[in-house]
Trainee: 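Encoded as structure tokens, here's the structure I'll be asking about.
Each chain gets a letter, A, B and so on, in the order its sequence line appears, and its residues count up from 1.
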Number of protein chains: 2
Amino acid sequence: MLAEQRRHQIMLELQRTGQARTTQLAENFGVSEVTIRSDLEILDAKKLLIKTHGGAIALPASSPAAAFEERMNRNFDAKRRIAQMAARQIIDNQSIVFDSGSTLLQVAMQMPPVNNVVVATTAMNIAQHLMYRPGLDVHMIGGRVFPSTVSTIVSDSDKAVGGLVAHQAFLSAHAIDHAFDVVDVSEDIARTKRNLVRMARRVILVADSSKWDIGASSKAFSLSRVDLIITDTAMPHGIRSRLDKLGVEVRYV
Amino acid sequence: MLAEQRRHQIMLELQRTGQARTTQLAENFGVSEVTIRSDLEILDAKKLLIKTHGGAIALPASSPAAAFEERMNRNFDAKRRIAQMAARQIIDNQSIVFDSGSTLLQVAMQMPPVNNVVVATTAMNIAQHLMYRPGLDVHMIGGRVFPSTVSTIVSDSDKAVGGLVAHQAFLSAHAIDHAFDVVDVSEDIARTKRNLVRMARRVILVADSSKWDIGASSKAFSLSRVDLIITDTAMPHGIRSRLDKLGVEVRYV
DNA sequence: AGATCAAAACGAAAGGAATCGAAATATTGA
DNA sequence: TCAATATTTCGATTCCTTTCGTTTTGATCT
């Protein structure tokens with residue numbers, strides 16, 4: 001049996017029972033305990049388990065919340081830089097709309113201290129991050145809850161937050177297709193984004209480079225409706241020159 | 001069992017009940033008390049608990065989230081029994097409204113498997129617990145976010161969830177005063193509860209014994225508006241006999 | 001209330017078994 | 001032959017228990 005295969009088996013055992021002992025593993029696989037220990041050390045370094053005296057234990061259970069965490073970490077550096085730039089757009093005495101998504105959660109977390117700012121959002125995790133902060137009035141926009149983004153679906157923008165007209169709306173994109181339309185996986189989500197865009201005078205789109213030139217089924221809104229795009233430089237060839245001709249302000253971070 | 005795993009279990013027990021006794025832990029895990037004491041010493045050194053004579057107690061609540069946890073564990077057993085009874089009221093093909101609060105979060109967590117049930121709630125933590133469950137359509141009722149209960153303030157019940165009329169509403173109480181009115185700490189919250197009551201044909205109130213005969217500033221609604229009260233038996237003297245004369249169905253668990 | 005006393009809980013120390021890490025050595029496979 | 005993998009060896013560490021003298025606790029008695 002190959003070493004890699006054995007490590008995979010160890011992971012399976014760990015997922016099954018939540019723990020594994022060095023002695024028993026060595027016996028099962030017919031190798032020395034030193035070998036098992038080195039396996040565990042490698043797997044521990046990869047954060048796939050936690051090595052302890054006598055063996056190893058499984059990592060704390062991966063919930064749907066953990067799946068969101070993982071998305072959070074994908075392309076993390078670019079998202080953080082984009083979020084930093086976006087957060088700087090927020091100033092005192094404004095009302096702001098937040099879409100859902102991992103990049104916008106970053107924006108919320110990096111928001112500077114402000115006074116008298118009203119935030120309306122469809123994202124429960126953003127609302128929960130911001131609600132403890134002073135100087136902020138947080139509104140949750142109601143609607144059917146969509147599990148994968150931990151956010152609500154908005155069917156009618158007029159009823160949301162009593163017809164609030166915000167100074168700025170921060171939108172994220174699942175993807176941006178070849179025709180420079182922001183597109184998403186379902187009409188429900190696309191409609192929600194359309195409604196959020198309609199709620200604000202100025203629209204800011206955050207989108208890291210992995211989002212560009214990818215298709216999806218439902219159009220949310222056109223890039224021409226956006227006032228400021230914040231993205232990073234590592235986008236597919238050709239996109240950037242076309243984007244610069246569009247007439248929309250774009251910031252690369 | 002690995003030592004590390006045992007310490008993890010001790011932490012879980014501590015989070016559940018807020019305390020742990022050396023003797024009982026030693027017996028449960030089948031190790032000597034000295035071993036448990038050394039575990040507690042290690043966990044204390046890591047600032048994960050506070051070692052005391054006879055065992056250990058959980059760390060004092062620091063964050064608002066921890067404050068909610070603490071409320072969750074106060075009178076935990078009674079709340080769990082009340083929640084069990086309340087959860088049994090939920091059947092297929094119904095629409096339900098959930099107020100916020102630790103007891104109602106328990107109800108949500110103990111909800112049996114159902115089909116085609118619509119749940120509307122002001123509590124973000126309840127929405128997040130239920131959104132992954134099959135057979136459920138979860139609606140978040142929008143509004144200003146109130147940090148201490150992780151829930152929204154509803155100003156207008158007509159606009160919430162498109163004027164949904166639910167079969168049942170589950171309400172909790174901050175307190176119930178001498179005049180048998182459900183009262184709360186602020187008019188905002190009281191108004192929210194009034195609106196939730198108005199949204200449903202049948203109103204179920206969950207209230208453990210610590211809530212009775214206590215005053216607060218703002219009246220939400222009268223007990224006469226309630227169809228079913230679920231509480232426990234350990235309430236102040238005199239209340240129970242008066243309650244039975246009220247004409248509202250009361251279940252003691 | 002304050003004193004008294006027994007049970008419970010404690011810390012420190014000692015010792016044995018299991019486990020560990022490091023380094024040198026052996027095996028395997030391209 | 002080289003590099004990856006596995007093993008053996010051995011002193012160090014960790015874990016857990018037992019023992020014993022001390023402290024804390026809570027109930028009882030003035």
Trainee: Drop me the distance from A/His237's NE2 to A/Arg242's CZ, to the nearest 0.5 angstrom.
Mentor: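 One finds 15.0 Å between NE2 of A/His237 and CZ of A/Arg242.
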Trainee: Just how far, in rounded Å, is P of D/dA6 from CD of A/Gln5?
Mentor: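 From A/Gln5 CD to D/dA6 P: 12 Å.
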Trainee: Only distances under 3.5 Å count here; give the side-chain donor-acceptor pairs of residues 217-224 of chain B to other protein atoms, sequence neighbours excluded, each with its distance to 0.1 Å.
Mentor:
from, atom 1, to, atom 2, distance (Å)
B/Ser217, OG, B/Val185, O, 3.0
B/Ser218, OG, B/Glu187, N, 3.2
B/Lys219, NZ, B/Asp181, OD1, 3.4
B/Ser222, OG, B/Ser224, N, 3.1
B/Ser222, OG, B/Ser224, OG, 2.9

Trainee: Using a 4.0 Å heavy-atom cut-off to protein, can you give one letter per nucleotide of nucleotides 10-18 of chain D, 5' to 3': B if the base is in contact, S if only the sugar-phosphate is, - if neither?
Mentor: ----SSSBB
Trainee: Applying side-chain contact (heavy atoms from CB on, under 4.5 Å), name anything that partners A/Lys46, two or more places apart in sequence or on another chain.
Mentor: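 A/Lys46 satisfies side-chain contact (heavy atoms from CB on, under 4.5 Å) with A/Glu4, A/Ile42, A/Leu48 once adjacent residues are dropped.
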Trainee: Looking only at non-hydrogen atoms, find the nearest pair between B/Gln19 and B/Leu14 and report the distance.
Mentor: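 Minimum heavy-atom separation between B/Gln19 and B/Leu14: C-CD1, 3.4 Å.
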Trainee: 5' to 3' on DNA chain C, which nucleotides open and close the contacts with chain B (atom under 4.0 Å from a heavy atom)?
Mentor: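 It runs C/dA9 to C/dG11.
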Trainee: With rounding to the nearest 0.5 Å, note down the distance linking NZ in A/Lys79 to CG in A/Leu104.
Mentor: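 So the NZ of A/Lys79 and the CG of A/Leu104 are separated by 10.5 Å.
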Trainee: Which residues pass the side-chain contact (heavy atoms from CB on, under 4.5 Å) test with A/Asp184, sequence neighbours left out?
Mentor: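 Only A/His174, A/Ile189, A/Lys193 meet the side-chain contact (heavy atoms from CB on, under 4.5 Å) criterion with A/Asp184.
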Trainee: Let me see the working for B/Ser210 and B/Asp208 under side-chain hydrogen bond (donor to acceptor under 3.5 Å, both in side chains), right down to the final yes or no.
Mentor: CA-CA 6 Å; B/Ser210 69; B/Asp208 67 80; 2.6 Å; yes
Trainee: Distance from B/Arg240 atom CZ to B/Thr231 atom OG1, nearest 0.5 Å?
Mentor: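 With rounding to 0.5 Å, CZ (B/Arg240) is 9.5 Å from OG1 (B/Thr231).
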Trainee: Are the side chains of B/Lys211 and B/Val182 in touch, meaning some heavy atoms are under 4.5 Å apart?
Mentor: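 In short, these two side chains do not touch, never coming nearer than 4.5 Å.
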Trainee: Hey, is the main chain of B/Phe170 close enough, under 3.5 Å, to the side chain of B/Asp99 for a donor-acceptor pair?
Mentor: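 No, B/Asp99 side chain to B/Phe170 backbone: no donor-acceptor pair under 3.5 Å.
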Trainee: When the C1' atoms of the five terminal pairs at each end define the local axes, what inter-axis angle does the helix from C/dA1-D/dT30 to C/dA30-D/dT1 show, to 10 degrees?
Mentor: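 Overall, the helix from C/dA1-D/dT30 to C/dA30-D/dT1 bends by 40° from one end axis to the other.
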Trainee: Can you tell me the distance, in whole Å, between the NZ atom of B/Lys51 and the P atom of D/dT23?
Mentor: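 For the pair B/Lys51 NZ and D/dT23 P, the rounded distance is 16 Å.
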